[in-house]
Amino acid sequence: MVELEEACFSYDGRPVLRDLSVTLEPGSFHFLTGPSGAGKTTFLKLLYLEHLPDSGSFTLFGDNPVEATRREITLLRRRIGVVFQDFRLLEHMTVAENIALPLRVAGRDPQGYANDVAELVRWVGLGQHMDALPRQLSAGEKQRTAIARAVINSPDLILADEPTGNVDPDMGGRILRLLIELNGLGKTVVVATHDLSLIRAARGTVGARILRLAGGTITQGAGEL
Amino acid sequence: MRRILRLIFGVTGPPIVPTTGWSAPLTLLSALCMSFLAVLTIVAGLAATRLAAEWRADLTGVATVRIAGIEASDPATVEKVQEILRTTPGIAAVRPLTDEEQHALLEPWFGTEAPLADLPVPRLVDVRLDGAGPDAAALQRRLDLEVPGTVYDDHGAWRGPLADAAAGLRRLALGAMLAVLLAAAAMVALAARATLAGNLEVIRTVRLVGGEDRFIAGAFIRRITSRAFAGGAIGAALGLLMIGGLPDLAATGILDVPLLPGRFGTAIMGGLVALGATVVALLTAQVSIRLALRTIL
Ligand SMILES: Nc1ncnc2c1ncn2[C@@H]1O[C@H](COP(=O)(O)OP(=O)(O)O)[C@@H](O)[C@H]1O
Ligand SMILES: [Mg+2]
């Protein structure tokens, strides 16, 4: 599904990731941990192709994104659902419109997906807020909107960047269960978090691997939960 | 408006980019001003061309032969000149001016009582040309040989400068038109870039959730183009209405050609200018937005 080998990435000459090698098997669940500033977000950005590695080899869904055209990159992204750390909701669109965006940009027929969107909105518990604008939502509601948008397109790979960072432990638990549920449906999931209690909470419910990011690289042989 | 756009472009759902910001009214306003100027330029250019054509039409197809000197009053001389002209290819008809006509021509200078017969005034012969007319140089040589002092005048001295003036006016109108087009394109490109820059985060997000350049560009281009069309139509209509509202210049004798080409022609002109504004906006926005999007992964 995802294979990085000795990948390096730097921001304007300042290295953040170096000699990073990791393989994500289809249907696996990963916690990506490490202190703030370790490069968790940057690692996820490589996976959803906001950045490309400066060197090393990279295989995503069997393709090499470094040599992909813009259109190929778009098609690869459509197979990835991302819960951005800062949500990246479009402020001028309602909750339902934000959630439907990946389907709309993929050119799908609105008549065909209206019911799916409504169903997913209810599933993330936002049935009452379908027509609300993001600025009318609490952080937790935004987070759930972002999660719904990340999964509406039924992506093969789900990347969640600190998905419980803005919510209380109770809501954090609900979001985690939601991601575990999606993993149960066969999706590959990566959850970046520095919140160790979240990882403890997952113990026993999912066969997750922990990827520890430190010194710009992922410690291999990271243990099972 | 949104319903119509949806029908035409298949737009479903809210606009991909928020409809706020300065560039929207600015695009409309600049399209309006540019179309207004375009209408003025076109109308001025067409009027100048028509006027020149009219002047020329008055002078083409005719020439004058002046018979000067002692023999001018001799009917035999006039007869001889007529004979030469009749046998020259390229001349359709020949007619000496009558005494009354000559009188009328000279009246402004000599008054009504001028004893024309006693004055050495040249006799004038009106010549109707056939097609391009005769070989003027050859004819003049023959006249010089057989009736010295006789001059064949095809009004070339008038026509040359008129043609030059008309061509110059046309070039000027074309230049002004080109300047208007370039300025319009530059404004649309700037407005497109400004909208793009103001919506960078939205664009990044749409790209990250799987939106293609074509899809994103389409959202911008649709809006820029529809604004350019609206502004273009208003500007063209305004320009044409204002020209139509001018006092009748033909009646004043200043300009004896109509400024606007009739009701139907005027409507077509307005439509073409609005369409032109739309096409310029479409092409410019397409190019500048596609290029700009490539800098965003
Ligand atoms: N756009 C950027 N430009 C320059 N430096 C950046 C940028 N984004 C992150 N960094 C730096 O890269 C390092 C890793 O950041 P990040 O991936 O956000 O870490 P984490 O998500 O683990 O907190 C940090 O030192 C951060 O300052
Ligand atoms: Mg981060």
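Every chain is numbered from 1 and lettered A, B, ... according to where its sequence line falls, protein lines coming before strand lines. Bear in mind that the values here come from a model prediction, so they are computed numbers and not experimental data. We use all heavy atoms of the structure for the numbers below, so side chains are in, but hydrogens, waters and symmetry mates are not.
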Working for side chain to side chain contact (heavy atoms under 4.5 Å, CB included), residues B:Asp213 and A:Arg70: CA-CA 8 Å; B:Asp213 282 358; A:Arg70 285 177 74 71; 2.7 Å; yes

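- Looking at heavy atoms from C-beta onward, A:Val82 lies out of side-chain contact with B:Leu208 at the 4.5 angstrom threshold.
- Formation of a donor-acceptor pair under 3.5 Å by the A:Arg78 side chain with backbone atoms of B:Gly210 is found in this model.
- Using a 4.5 Å heavy-atom cut-off against chain B, the contacting residues of residues 45-61 of chain A are A:Tyr48, A:Leu49, A:Glu50, A:His51, A:Leu52.
- When each of B:Thr205, B:Val209, B:Val202 is scored by its heavy-atom pairs under 4.5 Å with chain A, the top score falls to B:Thr205.
- Within residues 266-280 of chain B, no residue approaches chain A closer than 4.5 Å by heavy atoms.
- Applying the side chain to side chain donor-acceptor pair (under 3.5 Å) test to residues at least two apart or on different chains, none of the pairs has a partner in residues 281-297 of chain B.
- With a 6.0 Å radius and a threshold of 12 heavy atoms from other residues, nucleotides or ligands, A:Tyr11 has its OH atom above the threshold.
- For A:Arg79, no part lies near chain B; criterion is any non-hydrogen pair under 4.5 Å.
- Contact annotation for residues 85-95 of chain A against chain B (heavy-atom separation below 4.5 Å, listed by residue number): A:Arg88, A:Leu90, A:His92, A:Met93.
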